[in-house]
Structures are given as C-alpha cells and as structure tokens.
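Values reported hereafter were calculated over all heavy atoms of this structure, with side chains retained and with hydrogens, waters and symmetry mates removed.
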Amino acid sequence: MRKRDILIICQVLLLFIFIGCGKKPKPNSIFPETLPNLHLIKLIEGKKAIEEINKLHGRQIHIKKGFIAYYRGSFEEGNWREAVIWLSEADNEQIALKQTEIMMNRIKSNPKTPFHHFKERSRQGIKIYMFWGIGKAHAVFQRGKWVYWISATDDVFDSVLESMLKRNL
C-alpha cells in the first residue's frame, strides 16, 4: 500500500470517529457554526489544541492559544466536502509573522514534503501561502497575532479561505 493510500484511509477513519462522537460543538466568536456548504462538526481548543498543534509541528511551538475547527459538508462524487482550520495566537504580531515564515520555509525546503505547487498571493493586504498535497488545498497566513492554516477540499477551499479572511479577531 502506498503512503498516500494509508493517509487517505486514516483521514476517513478519523472522520468517522469525529462523526461518531455525536455531540454538536459549541460555536464561538472565532469559528462560525457554518461556512459555505459546511457545518462545524468538531472544535478543539485550549490545552488540547495546543498539544495537537505541537504534535503537528513535531516540537513545542510557543503559542498563547490554539484552536482546531473541523467542518464537513455533503458527500459529492465519492468525497466529503470538508475543511480543517488550525489557528494559533502568538504573543505579538512580529512573533506570529516569524512563526509563519519559518514554518513555510521549512515546508518548502524539506525534500520529503508531501506538498507541492506553492504559490504566494496577497488578498486584502494579507500574504497568503497556498499549496496542495495530501488530497487537499492549503493556505497559511498571518493576521495580527494569529496564524491560520486552512486545509480543505478543492470544491470549498476558496469559500473557506474568503470566510476566514473576512473574520476579524
């Protein structure tokens, strides 16, 4: 079995686990209950989110707050419409900018990265790193003290990105 196939199987299994939890997450001021074509199915915050963010990085990242929002929509053409938004708050804007730049430089320079087709865009005066891989489109950007990582299926990616760019923390 190829590594990509294993990753897809793991994503599907995790999705079923999240669905099986049965509890509807409480919306908060940061993440809306719905995004275009998607509904919030799970929200991780506090210490647990910070632990998950550090696990993703493979080391401790100094952040004040962390959130992970899981959204899901309809099943279309053999795939779920879905998005995951990772959000972390740094101590200040300069640290958030530095964290974003370091993260993107490490991802792009890693010869084993699963990501490809890196592009940089600017929307509403915000520098956005966009790339693809692991079956999803991704965007990373920093606004103020906040660093966002959005992973979404292609059919909802643009609308999720626009929704997060419009939110004001």
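Under a hydrophobic-cluster definition in which Ile, Leu, Val, Met, Phe, Trp and Tyr are linked whenever side-chain heavy atoms come within less than 4.5 Å, directly or via other members, Y129 and L97 are assigned to different clusters. The hydrophobic clustering, which links ILVMFWY residues whose side-chain heavy atoms are closer than 4.5 Å, places I102 and I53 apart. The cluster map of Ile, Leu, Val, Met, Phe, Trp and Tyr, joined by side-chain heavy atoms under 4.5 Å apart, puts I95 and I63 in different clusters.
Between K65 and E45, none of the side-chain N atoms (NZ, or NE/NH1/NH2) sits under 4.0 Å from a carboxylate O, so this pair counts as no salt bridge. A salt bridge does not link K166 with E162: none of the charged nitrogens is closer than 4.0 Å to a carboxylate oxygen.
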* Kindly determine whether W149 and S151 satisfy side chain to side chain donor-acceptor pair (under 3.5 Å), including the steps that lead there. => CA-CA 7 Å; W149 179 312; S151 297; 2.9 Å; yes
* To do: Dump the intermediate steps for side chain to side chain contact (heavy atoms under 4.5 Å, CB included) on N110 and K112, then the final yes or no.
  => CA-CA 5 Å; N110 181 348; K112 294 182 180 180; 3.5 Å; yes
* **Test log, rule salt bridge (Lys or Arg N to Asp or Glu O under 4.0 Å), inputs K55 and E51** => CA-CA 6 Å; K55 188 189 294 184; E51 289 172 8; over 6 Å; no
* Give the C-alpha distance, both sets of side-chain angles, the deciding distance and a yes or no for side chain to side chain contact (heavy atoms under 4.5 Å, CB included) between L161 and R123. => CA-CA 10 Å; L161 176 58; R123 291 190 193 168; 3.3 Å; yes
* Stepwise side chain to side chain contact (heavy atoms under 4.5 Å, CB included) check, L165 with I126 -> CA-CA 9 Å; L165 287 169; I126 299 170; 3.8 Å; yes
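Proximity of H57 to S88: side-chain heavy atoms (C-beta onward) are nowhere separated by under 4.5 Å. Side-chain atoms of V84 and I68, non-hydrogen and from C-beta on, do get closer than 4.5 Å to each other. Residues K119 and R121 form a side-chain contact, since some pair of their non-hydrogen atoms from C-beta on lies under 4.5 Å apart. Counting heavy atoms from C-beta outward, K145 and D91 have side chains that stay 4.5 Å or more apart. Side chains of I30 and W146 form a contact here, defined as non-hydrogen atoms less than 4.5 Å apart. By the 4.5 Å heavy-atom criterion applied to side chains, F141 and M164 are counted as neighbours. Considering only heavy atoms from C-beta on, I85 stays 4.5 Å or farther from Y70 through its side chain. Between F31 and S163, every side-chain heavy-atom pair lies at or beyond the 4.5 Å cut-off.
Interatomic distance, I44 CD1 to L87 CG, rounded to the nearest 0.5 Å: 13.0 Å. With rounding to the nearest 0.5 angstrom, the NE2 atom of H116 is 10.5 Å from the CZ atom of F131. The distance from the NZ atom of K98 to the CG atom of N92 is 10.5 Å, given to the nearest 0.5 Å. Rounded to the nearest 0.5 Å, atoms CG (L35) and CG (L40) are 8.0 Å apart. If you take OG on S74 and CG on N79, they are separated by 10.5 Å, rounding to the nearest 0.5 Å.
The residue from Q99, E93, M103, K127 that alone fulfils the side-chain contact (heavy atoms from CB on, under 4.5 Å) condition with Q142 is E93. Checked options Y148, F115, W132; the residue passing with H138 is F115 (criterion: ring pair (Phe, Tyr, Trp, His ring centres under 6.0 Å)).
Considering all non-hydrogen atoms of both residues, I50 and G66 come closest at CG1-N, 3.9 Å. Nearest heavy-atom pair, F157 versus M130, reported as atom, atom and distance to 0.1 Å: CE2-CE, 3.7 Å. Summarising the geometry of W80 relative to T153, their closest heavy-atom pair is O-CG2, 3.4 Å, with the distance given to 0.1 Å. Closest heavy-atom contact between G144 and A96: O-CB, 3.6 Å. Shown here for A139 and I128, the closest heavy-atom pair between the two residues is CB-CG2, 4.0 Å. A pairwise comparison of heavy atoms in L38 and G73 identifies CD2-N, 3.4 Å as the closest pair.
Under the salt bridge (Lys or Arg N to Asp or Glu O under 4.0 Å) criterion, E101 pairs with no residue, sequence neighbours left out.
Around the NZ atom of K64, the shell of radius 6.0 Å holds more than 12 heavy atoms that belong to other residues, nucleotides or ligands. Under a cut-off of 6.0 angstrom, the local environment of NE2 in H117 is sparse, with at most 12 non-hydrogen atoms contributed by other residues, nucleotides or ligands. Heavy-atom contacts from other residues, nucleotides or ligands closer than 6.0 Å to NZ of K108 number more than 12.
In this structure a side-chain-to-backbone donor-acceptor pair under 3.5 Å is present from N54 to I61. Listed for the R143 side chain is a donor-acceptor partner under 3.5 Å among the backbone atoms of R167.
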